[in-house]
Each structure stands twice: as structure tokens, then as C-alpha cells.
Amino acid sequence: MSKISDIISDIKAWVNAGTANKIFIRRVLVVSLTILVIYKLGYAIGVFLAHIGL
């Protein structure tokens, strides 16, 4: 579990480094990728459930 928290800490440090424009762009990037991963995970679960007939 500590590896995951280390990765999250590294991402937070990377996002908050640099000028205001860079911070904004990185925040948008991280939020967009997070939303995309959640969407695709839901899609994969839905396809799996449809495949098994639920």
C-alpha cells in the first residue's frame, strides 16, 4: 500500500511544481485521465456483464 501512496505523492509533487500555467495544465491532464480511466473501467464492466447475460 505504501507504493501506491508514494506514487500519489509523486504525482501531487509533479502537478504542483512550476508556473501557474503549468500547474493548471497538469491538473486538467490528471483530472481528465482519471475520468477517462473510471469511464473505461465502467465500460469494461458493462461489456463483461452483457457478455455473461446479466
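Just so you know, these numbers use all the heavy atoms, side chains as well, and skip hydrogens, waters and symmetry mates.
Proximity of a side-chain donor or acceptor of R26 to a complementary backbone N or O of A17 within less than 3.5 Å is detected.
Residues satisfying the side chain to side chain donor-acceptor pair (under 3.5 Å) test with R27, not counting sequence neighbours, are N16.
Linking ILVMFWY side-chain heavy atoms closer than 4.5 Å, directly or via other members, places L29 and I11 in a single hydrophobic cluster. Residues V15 and L33 share a single hydrophobic cluster, defined by chaining ILVMFWY side chains whose heavy atoms lie under 4.5 Å apart.
The shortest distance between side-chain heavy atoms of I23 and T19 does not fall below 4.5 Å.
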Compile the donor-acceptor pairs under 3.5 Å between side chains in residues 34-54 and protein atoms, sequence neighbours left out, one pair per line.
unit_1: T34; atom_1: OG1; unit_2: V30; atom_2: O; d: 2.8

